[in-house]
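Notes to accompany the following structure.
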Amino acid sequence: MTLVTEPGHLIPLDAETALLRLPANSGHGHADGEHCIACAMRTDVRALLFDLLEGAKQGLRPGFSKVVVDASAVADKGQVIAALTGKLPAQALRDHTVARLFYLAGAA
C-alpha cells in the first residue's frame, strides 16, 4: 500500500492497483478536524480497506494486489499513518484483518 499525503502528487495506477480516496470535511458545518461521527466513518482507513477487500472477495469489484490511499485532503494525516502502521488500537475484528493483509510500503 502506498499513502499519498500531498495534494497534486500523482501515483501511476495499473489494473492491479485499487485507489482509496479519503475525503476532507464533508461540509456538515463544522471546522476541519472537529470530531464528527459521520466524517469519522467516511475517513476510517481500516474500515475502508476492509470494505475493498470484502468487495473483491464477493466479486463486487475487481481484484487487486496493491492499494494507493489518497489522504491528501485529510486534515490529520498523522491519524491515517497511525492507523496504517498499527499505532491505533483495533476497534473491530476487521482492523486485525487489515493489519494482517495490508502493509504500508511507502508514503508520497
Side-chain angles (χ1 to χ4, degrees):
M1 170 179 14
T2 301
L3 177 66
V4 176
T5 58
E6 297 300 320
H9 207 92
L10 299 176
I11 301 285
L13 302 176
D14 57 27
E16 292 293 314
T17 304
L19 175 64
L20 181 60
R21 192 168 275 144
L22 302 179
N25 180 342
S26 65
H28 292 147
H30 58 76
D32 285 343
E34 284 185 10
H35 182 72
C36 170
I37 194 154
C39 292
M41 292 304 295
R42 293 179 60 225
T43 59
D44 183 342
V45 68
R46 294 183 296 194
L48 295 170
L49 285 168
F50 185 79
D51 289 347
L52 272 177
L53 183 64
E54 286 300 304
K57 279 183 182 178
Q58 296 173 12
L60 301 173
R61 60 158 290 112
F64 57 90
S65 61
K66 298 176 275 188
V67 178
V68 172
V69 177
D70 180 358
S72 61
V74 175
D76 188 359
K77 292 161 185 58
Q79 283 291 99
V80 176
I81 293 170
L84 295 175
T85 57
K87 304 280 191 268
L88 295 181
Q91 301 296 316
L93 185 57
R94 68 167 187 255
D95 296 346
H96 296 288
T97 301
V98 168
R100 282 193 317 273
L101 299 175
F102 294 92
Y103 69 95
L104 185 59

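Scope of the values below: all heavy atoms of this structure, side chains included, with no hydrogens, waters or symmetry mates.
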Using salt bridge (charged side-chain N to carboxylate O under 4.0 Å, His left out), reason through R94 and D51 one step at a time and then give a plain yes or no.
CA-CA 9 Å; R94 68 167 187 255; D51 289 347; over 6 Å; no
Criterion side-chain contact (heavy atoms from CB on, under 4.5 Å) on V67 and V69, from CA distance to verdict
CA-CA 6 Å; V67 178; V69 177; 3.9 Å; yes
With side-chain contact (heavy atoms from CB on, under 4.5 Å) as the test, would you mind laying out the steps for S72 and E6 before giving the verdict?
CA-CA 5 Å; S72 61; E6 297 300 320; 5.8 Å; no
Stepwise, does the side-chain contact (heavy atoms from CB on, under 4.5 Å) test hold for L22 with D70?
CA-CA 6 Å; L22 302 179; D70 180 358; over 6 Å; no
Begin from the C-alpha positions of M1 and V68 and carry the test side-chain contact (heavy atoms from CB on, under 4.5 Å) through to its verdict.
CA-CA 6 Å; M1 170 179 14; V68 172; over 6 Å; no
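Cluster annotation: L88 and L3 are assigned to distinct hydrophobic clusters (Ile/Leu/Val/Met/Phe/Trp/Tyr, side-chain heavy-atom contacts under 4.5 Å, transitive). Clustering ILVMFWY residues whenever any of their side-chain heavy atoms sit less than 4.5 angstrom apart, transitively, puts L49 in a cluster other than the one holding I11. The hydrophobic cluster containing V4 does not contain I81, counting ILVMFWY residues as joined when their side-chain heavy atoms lie under 4.5 angstrom apart, directly or transitively. Residues V80 and L19 fall into different hydrophobic clusters, defined by Ile, Leu, Val, Met, Phe, Trp and Tyr side chains chained together at heavy-atom separations under 4.5 Å.
Counting only heavy atoms from C-beta outward, the side chains of F64 and L52 approach each other to under 4.5 Å. Between T2 and K66, every side-chain heavy-atom pair lies at or beyond the 4.5 Å cut-off.
Rounding to the nearest 0.5 Å gives a distance of 6.5 Å between NE2 of H96 and CG of L93. If you take OG1 on T85 and NZ on K87, they are separated by 4.5 Å, rounding to the nearest 0.5 Å.
Heavy-atom minimum distance, A56 versus P62: CB-O, 4.0 Å. Across all their heavy atoms, A18 and R61 have their closest contact at CB-NH2, 3.4 Å.
Other cluster members for Y103: none, since no ILVMFWY side-chain heavy atom sits under 4.5 Å from it.
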